[in-house]
Amino acid sequence: MATLPPSLSPSRSQTTCASLLQELQIIWDEIGESDGERDKMLLELEQECLNIYRRKVEMTRKCKADLQNSLAQFESEIAKIVSSLGEHSFSFSRKGKGTLKHQISYIRPVLEELRSKKKQRVKEFTETQSQIVKICAEIAGNGQSMTSSDPQVDERDLTVKKLGELKSHLQELQNEKIIRLQKVDSHISMIHELSVVMSFDFLKTVSGIHSSLIDPANGQSKSISNDTLAKLTGVVNSLQQEKQKRLQKLQCLGSTLIELWDLLDTPPDERKRFEHVSSLISSSVDEVLRQGSLGLDIIEQVELQVQSLNVLKATKMKELVLKRQNELEEIYRGVHIDVNSDAARQILINLIESDNVDLSNLLSSLDDQIAKAKQEALSRKDILDKVDKWKHASEEEKWLDDYEKDENRYSAGRGVHKNLKRAEKARILVSKLPSIVEHLTAKVKAWELEKGIPFLYDKASLLDMLEEYTVLRQAREDEKRRSREQKRLQEQFAAEQEALFGSRPKKPLAQTNAMVGTPTSRRVSTPSGKHGVSNLKERRETGRVNNVIPLNFVALPKDDPMSRGN
């Protein structure tokens, strides 16, 4: 129990009160106060003393209540902070049952520490949410208005888990920002690349999308908003389509240039001026990277050049038409198709001089005929290759026949070794002749069945030529067999004479040396060249020979009535 100070001890209090009361009695005696008045005054004094004590007690009781209230508030605040921070492992209890002031002095440092920890946590939340709000504003495209004030932090949930979720979300947004910046840079780079190729103002194009893409001001980063990305993507797609259109236009112009150059026999020096255009014909869109190669000025230059060449082409059209006719005839001659060149050429000259036909249409018609002739030549190529093989084998067969008739073929001399090798190869090739003729005949029949016309080879039916060759070859084989049989009989007769009359006289050396030499480089006629067309060919359908080449006003067969009229 607390002791009263000396000034407030009961003995001192009584002494003081007694002395004062005694002094008051003396004063009353001197004044002459009555006993009633004296009792009344003493009662008032006692009441005033009680009031003073009562006020003091009330004040002390209030102070105690305030301390208890503060203590409860401290404890409640500690509980709230611990709950908001999620510090479930934190435990707090009053230290003993001391006085209220002692308990408050114990709990206050704990509260201050928790308040500091909460303040730091709130700061982390604020910074994280500020960055989240800023990036979201940048993505939304309203970064200026969204970053003017700090975001409100919900202090009821300041747990580490909540902070981790916010930081994780912030990391996702930062990654999204990086990806968007990469897309923006990629689009800007693509626009710059296209501007270099197509020669347009890069800065004007990009600044028209967003000013921050060219010159970020006041530390502002490049715009990464959905609207900016959409505009960049649209501009890139539009420029790529424009690049594709320009490239296709230049490729078309370049192809026309090359055709006109070939038609007009333009010298290489003049062609070199537009070499950068002709090189684009086989290029893809992604391969065209040369500066200014798809500029509008380049396209205009090429268009003017094509126009000037077309004017020059009109003046040389007659020469070009005849050149095309020569090309057509050359194709037919190359595949052994006979055409009436003189009549066709005369018709062309008459058409050109009459001025009744558009020379461009005539040239286009010749181009179509050349394309058809090339297609027809392609359809005959396989058969013609086999014909060449057949002709070569026939020539080797002829050479081999002459070679085997030479009785001096094995005698020593120049070229004997080569002839022996050639004869060995010729025998192998000749042994394949029946198969070659059989396959060639099957090919020709299939071709005629598909086309519905006979296959002519230099005016003659190839089937007739093959049949004639087969007949002639069979005749030669029969002749060879008869010759061998006759030789065998002669040798048999000689042997019988030798048995009757003795040995045969040997041939003189001079007679042996007088034999004909081995044919080493002798050329022989083709199967159709030497013998012509046999009666078998005449018995075939003669009416279909003249229908191989379609009748037109350019390439006419010799028996056409129009050519006879001219």
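Positions are given from 1, in the same order as the sequence printed here.
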Between [X] and [Y], is any pair of side-chain heavy atoms under 4.5 Å apart?
{"X": "R473", "Y": "P434", "result": "yes"}
{"X": "Y457", "Y": "L463", "result": "no"}
{"X": "D458", "Y": "M465", "result": "no"}
{"X": "D185", "Y": "S189", "result": "no"}
{"X": "F202", "Y": "I188", "result": "yes"}
{"X": "I139", "Y": "K177", "result": "no"}
{"X": "R380", "Y": "I337", "result": "yes"}
{"X": "T266", "Y": "L257", "result": "no"}

Do any N or O atoms from the side chain of [X] and from the backbone of [Y] form a donor-acceptor pair under 3.5 angstrom?
{"X": "E270", "Y": "P267", "answer": "no"}
{"X": "K243", "Y": "V285", "answer": "yes"}
{"X": "T256", "Y": "C252", "answer": "yes"}
{"X": "S168", "Y": "G164", "answer": "no"}
{"X": "T470", "Y": "L466", "answer": "yes"}
{"X": "K443", "Y": "K386", "answer": "no"}
{"X": "Q251", "Y": "S283", "answer": "yes"}
{"X": "S238", "Y": "G234", "answer": "no"}
{"X": "T233", "Y": "L229", "answer": "yes"}
{"X": "E448", "Y": "F455", "answer": "yes"}

[X] [atom1] to [Y] [atom2] distance, which is reported to the nearest 0.5 Å:
{"X": "L433", "Y": "S394", "atom1": "CG", "atom2": "OG", "answer": "5.0 Å"}
{"X": "D368", "Y": "K372", "atom1": "CG", "atom2": "NZ", "answer": "6.5 Å"}
{"X": "S130", "Y": "I135", "atom1": "OG", "atom2": "CD1", "answer": "11.0 Å"}
{"X": "L400", "Y": "R427", "atom1": "CG", "atom2": "CZ", "answer": "5.5 Å"}
{"X": "S379", "Y": "E450", "atom1": "OG", "atom2": "CD", "answer": "7.5 Å"}
{"X": "E327", "Y": "L322", "atom1": "CD", "atom2": "CG", "answer": "13.0 Å"}

Query raised in the report: Under the side chain to side chain contact (heavy atoms under 4.5 Å, CB included) criterion, do E467 and T441 qualify, and how do the steps go?
Result: CA-CA 9 Å; E467 290 179 6; T441 303; over 6 Å; no
Within the supplied structure, the quantity of interest is the number of heavy atoms (other residues, nucleotides, ligands) at a distance under 6.0 Å from [X] [atom1]; does it exceed 12?
{"X": "Q248", "atom1": "CD", "result": "yes"}
{"X": "K323", "atom1": "NZ", "result": "yes"}
{"X": "K480", "atom1": "NZ", "result": "yes"}
{"X": "Q375", "atom1": "CD", "result": "no"}

Query raised in the report: With the threshold set at 4.0 Å, does a side-chain nitrogen-carboxylate oxygen contact exist between R271 and E275?
Result: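 A salt bridge is absent here (no side-chain N lies under 4.0 Å from a carboxylate O).
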Requested in this report: May I ask you to decide whether D385 forms a salt bridge with K389, counting only side-chain N to carboxylate O separations under 4.0 Å?
Outcome: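 No, D385 and K389 are not salt-bridged.
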Report task. Could you point out which residue of K391, K425, R422 forms a side chain to side chain donor-acceptor pair (under 3.5 Å) with E396? Result ->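 Only one option passes, and that is R422.
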Query - Candidate pair E127 and Q131, rule side-chain hydrogen bond (donor to acceptor under 3.5 Å, both in side chains), full reasoning - result: CA-CA 6 Å; E127 292 175 351; Q131 294 183 55; 5.7 Å; no
Report task. Enumerate the residue pairs fulfilling ring-ring contact (aromatic ring centres under 6.0 Å, His included) with a member in residues 257-306, sequence neighbours excluded, ordered by first and then second residue. Result ->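 As it turns out, there is no ring-ring contact (aromatic ring centres under 6.0 Å, His included) pair with a partner in residues 257-306 once direct neighbours are skipped.
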Could you tell me which non-hydrogen atom of [X] sits nearest to which non-hydrogen atom of [Y], and how far apart they are?
{"X": "L294", "Y": "I299", "value": "O-CD1, 4.4 Å"}
{"X": "S212", "Y": "S223", "value": "OG-N, 3.0 Å"}
{"X": "A423", "Y": "Y403", "value": "CB-CE2, 3.6 Å"}
{"X": "I453", "Y": "W447", "value": "O-CZ3, 3.6 Å"}
{"X": "D367", "Y": "R324", "value": "OD1-NE, 2.5 Å"}
{"X": "T128", "Y": "K167", "value": "CG2-N, 4.0 Å"}

Report task. Assess whether side chain to side chain contact (heavy atoms under 4.5 Å, CB included) is satisfied between L384 and K381, documenting all intermediate values. Result -> CA-CA 5 Å; L384 291 176; K381 183 178 182 303; 5.8 Å; no
Pair [X], [Y]: side-chain N/O donor-acceptor within cut-off below 3.5 Å:
{"X": "Q241", "Y": "N237", "value": "no"}
{"X": "Q307", "Y": "E303", "value": "no"}
{"X": "D297", "Y": "Q301", "value": "no"}

Requested in this report: Show your working on salt bridge (charged side-chain N to carboxylate O under 4.0 Å, His left out) between K421 and E424 and close with a plain yes or no.
Outcome: CA-CA 5 Å; K421 283 191 173 182; E424 182 181 354; over 6 Å; no
Query raised in the report: Which residue, Q171, E172, E165, forms the side chain to side chain contact (heavy atoms under 4.5 Å, CB included) with H169?
Result: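 Only match with H169 under side chain to side chain contact (heavy atoms under 4.5 Å, CB included): E172.
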Requested in this report: Test L253 against K249 for side chain to side chain contact (heavy atoms under 4.5 Å, CB included), laying out the working first.
Outcome: CA-CA 6 Å; L253 291 171; K249 188 170 185 178; 4.2 Å; yes
**Report entry** H392/L429 under side chain to side chain contact (heavy atoms under 4.5 Å, CB included): CA gap, chis, key distance, verdict
**Finding:** CA-CA 9 Å; H392 173 67; L429 186 57; 3.6 Å; yes
